[in-house]
Amino acid sequence: MRQSQLFTKTRKEAPADEVAKNAQLLIRAGYIHKEMAGVYAYLPLGFCVVEKIKQIVREEMNAIASQELIMTSLQRKELWERTDRWSDEMVDVWFKSELKAGGEVGFGWSHEEPIGEMLKGHLSSYKDLPISVYQFQTKLRNETRAKSGIMRGREFVMKDMYSFAADEASHVAYYEATKPAYMNVFRRVGVGDDTFVTFAAGGAFTKFSHEFQTICEAGEDVIYINREKGIAINEEVLNEETLSSLGVTKDELEMVKTAEVGNIFNFGQQKATDLGLAYKNEVGETVAPFMGSYGIGVTRLMGVLVEKFADDKGIVWPKSVAPFTVHLVGLNLEDEVVRDWVNGIYQNLIEHGIETLFDDRDARPGEKFADSDLMGMPYRVVASRKGREEGTFEVVTRATGEVRRLTEEELYADFDNDPNT
RNA sequence: CGGGGUGUAGCAUAGUGGUAGUGUACGCGGUUUGGGACCGUGUGGUCCGGGUUCGAUUCCCGGCUCCCCGACCA
């Protein structure tokens with residue numbers, strides 16, 4: 001992508017109505033646009049990041065045999081009345097509207113009820129199980145107070161997955177299998193070491209649910225962790241009973257501020273029973289399947305990455321989710337010889353399969369460097385008159401600030417040898 | 001939902017009961033070119049509705065908006 005063609009521009013100053021670092025930087029760098037409180041548009045660069053995260057999630061969900069689909073945003077009132085979750089007293093985040101043809105609809109804040117209803121048409125025998133499906137959906141939630149930029153919005157992208165199993169053993173096995181799959185996602189986006197499978201309030205069906213909590217100062221949660229024992233407990237369930245059942249004492253635990261980037265719920269058979277979802281078992285009995293629900297906050301995760309990795313100059317993307325791997329900064333482009341050479345470099349990078357943002361703008365070096373730092377691509381490759389004369393580039397690693405002078409061959413070799421790029 | 005703030009140009013800000021200023025961004029001309037350069041010039045603005053007043057961007061009332069703290073977050 002040529003930066004001169006990119007319709008977004010950077011800003012020097014952060015918007016006055018944003019305090020959250022993630023929103024300030026993402027807006028300044030041109031990744032997102034604030035439409036209203038808690039509602040953000042994803043511009044080309046931001047869209048790229050969302051898609052990269054989604055692709056990682058997709059690969060990991062596919063790897064545990066889940067099938068992608070997409071449900072609807074408009075939902076039927078009757079469905080939610082059946083489980084007593086239509087009223088605003090029971091669920092306070094509903095957006096609702098009326099059909100001109102008559103009747104009410106809800107805007108999807110969750111898809112548990114619709115997915116269960118939909119499956120009634122597809123699940124009739126034990127032979128149909130197990131089933132796991134997932135989607136990437138824009139969830140709409142009428143939060144009374146949106147905050148923290150893209151980390152707590154009224155509209156956000158979530159991956160939600162639902163599993164259905166015939167017996168408890170296979171159900172629990174699947175539930176357990178989602179944990180490493182989720183951790184793979186968090187490891188791949190760069191927060192594996194700081195993300196903990198956390199015991200949390202479980203609701204009516206099991207003692208605990210599990211949250212995936214990532215250490216992040218901008219987060220809303222507090223958890224207690226013990227890295228050696230691999231134990232993490234949400235403060236909401238931190239009590240003597242929990243501690244003794246997990247075999248730890250409170251003074252073995254470290255308190256950390258975290259953001260919830262994922263959660264998984266085990267509903268047992270209760271949810272399917274409530275939904276009226278059932279199948280025939282081997283002996284012809286009507287049985288409710290075991291059900292699980294599994295979420296990952298895609299856009300929240302993006303916000304967490306900005307919060308965790310940004311420095312005083314701007315965003316620092318992990319390679320796996322950066323919109324582009326290389327920010328090619330062309331200098332002295334007014335010189336036709338240099339310009340032709342840098343254009344050639346740009347083409348070569350593309351041909352080597354390296355995603356490249358090429359700053360071909362008619363701007364001064366300082367501005368280009370500042371923008372490059374702000375936008376946060378993993379590598380900055382500076383190609384200038386001096387570089388052409390020497391046959392080298394300045395290659396700067398954004399995360400560490402490491403500066404190297406490499407020839408074109410060395411540059412490609414470097415990328416070829418790096419499995420992450 | 002309770003409490004506290006806020007609203008002036010695309011963005012960031014100053015100021016005033018009497019023709020609204022600056023920076024940035026943008027247009028044009030020129031000088032520049034390795035860390036957001038500079039000179040000249042130009043375009044562009046008081047959240048909405050009432051009230052007080054000769055006159056309101058300013059004061060008052062209401063609404064809306066956005067932000068913060070708290071509550072909430074199956």
Side-chain angles (χ1 to χ4, degrees), chain A residues 7-20 23-24 27-30 33-40 80 83-94 108-113 139-149 151-154 156 158 160 200-206 209 211 218-221 234 236 259-260 263-267 270-271 274-275 291 293 295 297 300 312-314 329-335 338-339 359 361-375 380-388 390 393-394 396 401 403 405:
Chain A
F7 84 83
T8 54
K9 283 193 281 277
T10 60
R11 294 187 202 170
K12 283 183 191 170
E13 287 169 308
D17 66 349
E18 292 284 5
V19 171
Q24 288 194 342
I27 289 172
R28 283 187 54 209
H33 163 77
K34 183 180 201 163
E35 187 65 30
M36 53 191 263
V39 179
Y40 296 86
W80 292 90
T83 52
D84 196 24
R85 295 213 290 176
W86 175 256
S87 77
D88 294 336
E89 287 69 44
M90 298 303 292
V91 173
D92 63 3
V93 294
W94 270 120
W109 59 277
S110 162
H111 287 72
E112 285 162 2
E113 269 72 351
K139 303 292 185 190
L140 302 168
R141 295 188 183 181
N142 204 340
E143 296 278 358
T144 48
R145 185 181 166 205
K147 60 174 183 173
S148 305
M151 291 174 66
R152 172 89 184 261
R154 296 196 167 94
F156 57 94
M158 175 182 251
D160 48 322
F205 312 108
T206 51
S209 71
E211 295 172 341
E220 294 185 297
D221 293 326
N234 192 309
E236 69 191 9
E260 182 185 347
N263 56 25
I264 57 178
F265 292 95
N266 176 354
F267 289 134
Q270 188 61 49
K271 191 80 191 175
D274 293 346
L275 294 170
M291 182 173 170
S293 161
R300 174 180 285 181
D312 56 350
K313 291 178 179 167
V329 174
L331 301 182
N332 315 118
L333 300 179
E334 70 285 352
D335 181 332
V338 178
R339 187 172 68 234
D359 191 346
R361 297 173 303 164
D362 178 22
R364 293 167 61 89
E367 185 179 349
K368 293 192 176 193
F369 292 145
D371 278 350
S372 175
D373 288 335
L374 176 61
M375 294 165 84
R380 179 164 82 219
V381 174
V382 184
S384 64
R385 177 183 291 121
K386 180 179 154 201
R388 194 193 76 88
E390 296 178 356
F393 314 97
E394 181 181 275
V396 183
V403 181
R405 287 211 76 90

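First the proteins, then the strands, lettered A, B, ... as listed; each starts at 1. Not measured: the values here are computed from a predicted model.
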Asks: Using the test side chain to side chain donor-acceptor pair (under 3.5 Å), find all partners of A/Arg11 that sit at least two apart in sequence or belong to another chain.
Replies: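 None.
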Asks: Quick test: give all pairs of protein nitrogen or oxygen and nucleotides 37-48 of chain B nitrogen or oxygen below 3.5 Å, distance rounded to 0.1 Å.
Replies:
{"from": "B/A37", "atom 1": "OP2", "to": "A/Arg364", "atom 2": "NE", "distance (Å)": "3.3"}

Asks: Provide the distance between the two C1' atoms, one in B/G27 and one in B/A9, to the nearest whole Å.
Replies: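 Straight-line distance between the two C1' atoms is 15 Å.
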Asks: Just to confirm, is there a sub-4.0 Å distance from OP1 or OP2 of B/C69 to any side-chain nitrogen or oxygen of A/Arg145?
Replies: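 A/Arg145 to B/C69 OP1/OP2: side-chain N or O found under 4.0 Å.
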Asks: At less than 4.0 Å, is any side-chain N or O atom of A/Lys147 found next to OP1 or OP2 of B/C72? Yes or no.
Replies: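 False: A/Lys147 side-chain N/O out of range (4.0 Å or more) of B/C72 OP1/OP2.
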Asks: Sequence neighbours excluded, which residues qualify as salt bridge (charged side-chain N to carboxylate O under 4.0 Å, His left out) partners of A/Asp160?
Replies: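 For A/Asp160, the residues satisfying salt bridge (charged side-chain N to carboxylate O under 4.0 Å, His left out) (neighbours in sequence not counted) are A/Lys139.
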Asks: For A/Glu334, what residues pass the salt bridge (charged side-chain N to carboxylate O under 4.0 Å, His left out) criterion, not counting sequence neighbours?
Replies: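 Listed in chain order: A/Arg385.
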Asks: Report the stems of RNA chain B as range-with-range entries sorted by first number; a stem here is at least three consecutive pairs, Watson-Crick or G-U wobble, both distances under 3.5 Å, and write none if there are none.
Replies: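 Stem list for RNA chain B: B:1-5 with B:66-70, B:10-13 with B:21-24, B:26-31 with B:37-42, B:47-51 with B:59-63.
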Asks: For A/Ser293, enumerate each residue passing the side chain to side chain donor-acceptor pair (under 3.5 Å) test, keeping only those at least two apart in sequence or located in another chain.
Replies: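 Partners of A/Ser293 under the side chain to side chain donor-acceptor pair (under 3.5 Å) test: A/Glu112.
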Asks: With A/Asp359, which residues qualify under salt bridge (charged side-chain N to carboxylate O under 4.0 Å, His left out), at least two apart?
Replies: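 Testing A/Asp359 for salt bridge (charged side-chain N to carboxylate O under 4.0 Å, His left out), a comparison that skips the adjacent residues, returns A/Arg361, A/Lys368.
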Asks: With sequence neighbours excluded, what pairs up with A/Arg152 under the side chain to side chain donor-acceptor pair (under 3.5 Å) test?
Replies: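 By the side chain to side chain donor-acceptor pair (under 3.5 Å) rule, A/Arg152 matches A/Glu143, A/Glu220.
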Asks: Dump the intermediate steps for side-chain contact (heavy atoms from CB on, under 4.5 Å) on A/Phe156 and A/Arg141, then the final yes or no.
Replies: CA-CA 9 Å; A/Phe156 57 94; A/Arg141 295 188 183 181; 3.7 Å; yes
Asks: Please identify each residue that fulfils side chain to side chain donor-acceptor pair (under 3.5 Å) with A/Asp312, with sequence neighbours left out.
Replies: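 Expected list: none.
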Asks: Remember a base hit wins even if backbone is also touched, and classify A/Lys34 as base, sugar-phosphate or nothing at under 4.0 Å, heavy atoms.
Replies: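 Answer is sugar-phosphate: A/Lys34 comes under 4.0 Å of backbone atoms only.
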Asks: Once ring-ring contact (aromatic ring centres under 6.0 Å, His included) is applied, do any residues pair with A/Trp86, and if so which ones, sequence neighbours excluded?
Replies: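 For A/Trp86 the ring-ring contact (aromatic ring centres under 6.0 Å, His included) partners, ignoring immediate neighbours, are A/Trp94.
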Asks: For A/Phe393, which residues count as a ring-ring contact (aromatic ring centres under 6.0 Å, His included) partner, sequence neighbours excluded?
Replies: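 Listed in chain order: A/Trp341.
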Asks: What string of B, S and - do you get for nucleotides 9-16 of chain B 5' to 3' if you count protein non-hydrogen atoms under 4.0 Å?
Replies: --SSS---
